[in-house]
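Atoms within each ligand, like the ligands themselves, are counted from 1 in listed order. Note that the numbering runs from 1 along the sequence shown for the chain.
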Amino acid sequence: MPKPPADTRPPDDAGGQAARPIASPLADRLVALIRAYGPITVADYMSDALFHPNDGYYTSQSPIGARGDFTTAPEVSQIFGELIGLWLVQSWMEIGEPDYFTLVELGPGRGVMMQDILRAAAVRPKFLKAARVQLVETSGRLRHEQQKRLKGAPASIEWKDSFNETADGPILIVANELFDCLPIRQFVMTERGWRERMVNVADDSEQLIFTTAFAPPLDLDDAPAAAAPGEVYEISEAGDALIEDISARLARNKGRALIIDYGHVGEGLGDTLQAIRGHGRWRPLDAPGHADITAHVNFRRLVRRAFDAGAAAYGPVSQSALLDRLGLALRVERLCAGKSQPEIDEIHAGAFRIAAASEMGELFRAIAVSSPELAAPVGFDVP
Ligand code: SAH
C-alpha cells in the first residue's frame with residue numbers, strides 16, 4: 001500500500017485522530033535530553049527515532065510488509081523490480097557492457113527488489129556475470145533478512161555501511177523509498193523570515209511538541225522567496241550529501257542511478273513530515289522508535305545538486321509513466337500467460353496498485369542521475 005499522502009494539518013494539531021503517545025525508553029531519553037540541553041532539530045529527532053543504535057525504528061522493528069507498518073512497490077508486485085532490472089540491463093549495455101561493474105542498491109528493505117532485478121536480468125547472462133552487487137544497508141535486522149532472501153542469488157553480493165564504501169569503476173545504482181527516510185530540518189516562515197522548527201517538551205507533561213527557534217533565520221538558498229507566514233520549507237542535509245556523493249561518482253565513473261520515491265512536484269513548500277504505524281497515520285512526535293517517519297523528497301533540489309556535482313540528471317517522471325515506458329503492459333501479459341484466473345487477477349491488482357494514478361502511480365516519482373556523456377536513459381527520453 002502506498003504511504004498515505006502528507007496531511008495538511010500541522011503535525012502538532014492532528015485533529016485528535018492520532019492515538020496517544022507511546023511510552024518507550026527512547027521517548028524518555030529524548031525528553032530527558034531536551035529538558036537538560038534544550039530543544040533539538042527535527043533532523044536530530046528523526047535520526048534518533050529512526051536510527052538510534054538500540055531503539056531506533058529501523059534498528060529495532062520489522063517495518064515492511066503486510067505484518068509490518070507499511071508496504072512498498074516491490075513488495076506489492078514483482079513486476080516493479082523486474083522492470084527496473086530491465087532498465088539496469090539496458091543501462092549496462094549503454095555503458096559498453098563492461099566485464100565488471102558494481103550494482104548498488106541503497107536501502108534494500110527485505111531484499112525483494114534485488115531478487116526481482118536479478119531474476120529479470122537473467123535475459124543477459126553476461127550482465128549477471130559482470131555484476132558485483134553491493135547492498136548499502138544501515139539496519140542489522142534488515143541486512144539479516146536480505147541475507148536470508150538473497151542466499152543462492154545468481155550474482156555475488158556484499159553488504160556495505162555507506163555509499164562511499166562501494167567499489168569504484170563502472171556503476172549502476174538503484175534506490176526505492178530511501179531518500180524519504182533521510183532526516184529533514186524544517187523551517188517556518190515568520191514575520192521576521194525563516195525560523196527553524198524544533199522539538200521541545202511540554203511544560204506540564206512529558207509530551208514532545210514542536211516549537212520555533214529564536215535563532216536568527218538561516219540562509220536558505222533554495223527556499224521560494226514568496227512563502228507566506230506559516231509556510232514550511234524542508235531540507236535534508238543527509239539527502240543533499242548522498243545525491244552529491246552519487247553524482248560525483250557518476251561524473252568520475254561511467255554509470256547511472258535510478259531514484260524512486262514520493263515527493264514534491266513544485267517549489268517544495270509544505271509540512272510533509274509524517275509517521276506511519278500499523279498501516280495508519282500517527283503524529284510524528286508520538287511514537288519515536290515505533291513508527292516510520294518520512295518526508296516528501298524535494299526532487300528539484302536533488303536534480304540541481306546532481307548537476308552542480310558534475311552529473312546529468314533527468315526527471316522527475318511519475319512512477320506510472322516510467323513503468324509504462326519500461327513495458328508494464330507487456331510484462332503483465334507475459335506473466336499472466338498460462339496462469340489461473342485468481343493468479344491473473346492478483347497480477348493485475350498488483351500492477352494497478354504500483355502504476356495507477358489513483359494508487360502509487362502519481363504520488364511516486366523517479367529521477368535518473370547519469371554520467372554526463374551518456375544519452376538520456378530509457379523512461380526519461382520522452383519529452
Ligand atoms: N527499498 C526498500 C525499503 C524501503 S525502507 C523497499 O522499497 O521495499 C528504507 C530502507 O532504507 C530500509 O532498508 C532502511 O533500513 C534503509 N536505510 C535507511 N537509511 C539508510 C541509509 N542512510 N543508508 C542505507 N540504508 C538506509
Of the listed options Glu145, Glu177, Glu75, Met113, closest to atom 4 (C) of ligand 1 (non-hydrogen atoms)
Glu177
Measuring from atom CD of Glu343 to atom NE2 of His348, what distance do you get when rounded to the nearest 0.5 angstrom?
12.0 Å
Element-labelled atoms of ligand 1 that are located less than 4.0 Å from some non-hydrogen atom of [X]:
X      : result
Ser139 : 15 (O)
Pro74  : 6 (C), 7 (O), 8 (O)
Gly109 : 2 (C), 3 (C), 13 (O)
Cys181 : 18 (C)
Thr72  : 6 (C), 7 (O), 8 (O)
Phe51  : 18 (C), 19 (N)
Leu178 : 11 (O), 17 (N), 18 (C), 19 (N), 20 (C), 25 (N), 26 (C)
Leu142 : 12 (C), 13 (O), 15 (O)

Has Arg132 got its NZ or CZ under 6.0 Å from the middle of the six-membered ring of Phe101, at an angle within 45 degrees of the ring axis?
no
For Phe187 and Tyr233: C-alpha separation, side-chain torsions, deciding distance, then whether ring pair (Phe, Tyr, Trp, His ring centres under 6.0 Å) applies.
CA-CA 5 Å; Phe187 300 88; Tyr233 187 67; 7.5 Å; no
Between [Y] and [X], do the side chains contain a donor N or O and an acceptor N or O under 3.5 Å apart?
X      : Y      : result
Trp92  : Glu97  : no
Arg29  : His52  : yes
Glu137 : Gln146 : yes

4.5 Å side-chain heavy-atom contact, Leu322 and Gln319
no
Which is it for Thr138 and ligand 1 at heavy atoms under 4.0 Å: side chain, backbone, both or neither?
both
For ligand 1, indicate whether the residue Leu106 contacts it via side chain, backbone, both or neither (heavy-atom separation under 4.0 Å).
neither
Does the plane of the ring in Phe380 sit parallel, tilted or perpendicular to the ring in Tyr314? Use 30° and 60° as the thresholds.
tilted
Looking at His296 and Glu234, what are the two nearest heavy atoms and their distance?
O-OE1, 4.4 Å
Is the closest N or O pair between Glu137 and ligand 1 shorter than 3.5 Å?
yes
Examine ligand 1 and decide if any of its atoms is less than 4.0 Å from a heavy atom belonging to Phe163.
no
